[in-house]
Amino acid sequence: MPSGSKRRKSDRQIDFQTVLDGIAKAVKGDLKKGRVATYIPALARVPKSKFAMAVLCNDGRQAACGDADEAFSIQSVSKVFTLTMALRAEGTSLWRRVGREPSGNRFNSLIQLEYELGIPRNPLINAGAHVVTDSVVNRDPNGKQAILDHVRRLAGNKKIKFDEEVARSERAAGHWNAAIANFLKAHGNLKSDVDRVLDAYFHQCSIAMSCRDLVRAGSFLANRGVDQRTGERITTVRESKRINAVMMTCGLYDAVGSFAYRVGIPAKSGVGGGILGIIPGFLAVAVWSPGLDATGNSLAGVKALELFTTRIHKSVF
Ligand code: GLU
């Protein structure tokens, strides 16, 4: 062994609790550096001092630190769960209505949608998420409730709720999303009424759940489509591979490249400061820190995930 290098632990030997506790200490000074999202007024009140992290391995090991049982607004992380529902129901024909390339634009940009004639670049930017939500609500008169039930089932927690105050707040300030949805409708790429899609979209973004809930809900993506906790098959192996691929290339707004460089795993972030990350074949990890960086991703959350994959010597690369 070259001098100074440490022998790597095998996956079984990793003490996740010690790793998470060390990361919580290491990012303390970063919590105040980010800026809480203010464009959804109800999110502006969340204290920047909050920090949580949770891990759930395919072999059942788990660990958590900080405010890991405190529910927060998952916002765009919800897009992964609705994409799962839409892909299950609609299959690959969904890709005729939405692409799977990074957008290189703001998450709520309208520009690209105009010159690409109403076909959003991917399902994890707002325009694509409206198409995905439309696919769910158009099939199910109770689509909004079906989204919540799906998340509750994945997380094994019936107490997960919509935060009605956040949903109302976003609706009141939701002119960009309304513009996107109307534009999609004008292009024939929304089947349901615009208001119905927006209502379901704002509600799915308002879902409040904890980091511990989030790793349970995302565990099927680490486990080839099978819920780690219940053994239930949620998606096919192929679908989980594809959802992970879309997260890897489109899940971190306009910072997917630097996130892949620094962290190296599929992930989806939200403006509530949450990030769900997946190491396929191994584990799901979630982090929450409300202060955002200039790209809209949790500043301390990205750093925490960078430390995590570095300290456990794991990524997809
Ligand atoms: N509800 C937010 C919006 O549509 C989600 C943004 C996000 O988390 O990316 O603006």
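Counting starts at 1 for both ligands and their atoms, in listed order.
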Problem set entry | Nearest non-hydrogen protein atom, atom 3 (C) of ligand 1 | E170 OE2, 3.0 Å
Exercise. Going by an N to O cut-off under 4.0 Å, is there a salt bridge joining D59 and R12?
Worked result: yes
Seminar exercise, completed: If we number the atoms of ligand 1 from 1 as shown, the ones under 4.0 Å from a heavy atom of C205 are 1 (N)
Exercise. For Y201, is the nearest heavy atom under 4.0 Å from an atom of ligand 1?
Worked result: yes
Problem set entry | Distance, nearest 0.5 Å, that separates NZ of K268 from CZ of F81 | 11.5 Å
Exercise. Quick one: does R196's side chain have a donor or acceptor within less than 3.5 Å of a partner on V137's backbone?
Worked result: yes
Exercise. Would you call Y253 a ligand 1 contact, heavy-atom distance under 4.0 Å?
Worked result: yes
Problem set entry | Atoms of ligand 1 close to G270 [distance to a heavy atom under 4.0 angstrom, numbered from 1] | 8 (O)
Problem set entry | Part of Y39 within contact of ligand 1 (heavy atoms, under 4.0 Å) | side chain
For this session: Begin from the C-alpha positions of T295 and D254 and carry the test side chain to side chain donor-acceptor pair (under 3.5 Å) through to its verdict.
Result: CA-CA 6 Å; T295 63; D254 216 4; over 6 Å; no
Seminar exercise, completed: Filtering V271, I40, L43, L124 for the heavy atom nearest atom 8 (O) of ligand 1 leaves V271
Exercise. Do K48 and K33 touch side chain to side chain, with heavy atoms closer than 4.5 Å?
Worked result: no
Seminar exercise, completed: Contact region, S76 to ligand 1, non-hydrogen atoms below 4.0 Å, reads both
Exercise. Can you list the steps and then say if F317 with Y261 is a side-chain contact (heavy atoms from CB on, under 4.5 Å)?
Worked result: CA-CA 10 Å; F317 299 110; Y261 180 87; over 6 Å; no
Exercise. Which is it for N177 and ligand 1 at heavy atoms under 4.0 Å: side chain, backbone, both or neither?
Worked result: side chain
For this session: Could you tell me whether N126 approaches ligand 1 through its side chain, its backbone, both or neither, with non-hydrogen atoms closer than 4.0 Å?
Result: side chain
Problem set entry | Evaluation steps, salt bridge (charged side-chain N to carboxylate O under 4.0 Å, His left out), between D149 and R152 | CA-CA 5 Å; D149 289 344; R152 285 176 168 169; 3.8 Å; yes
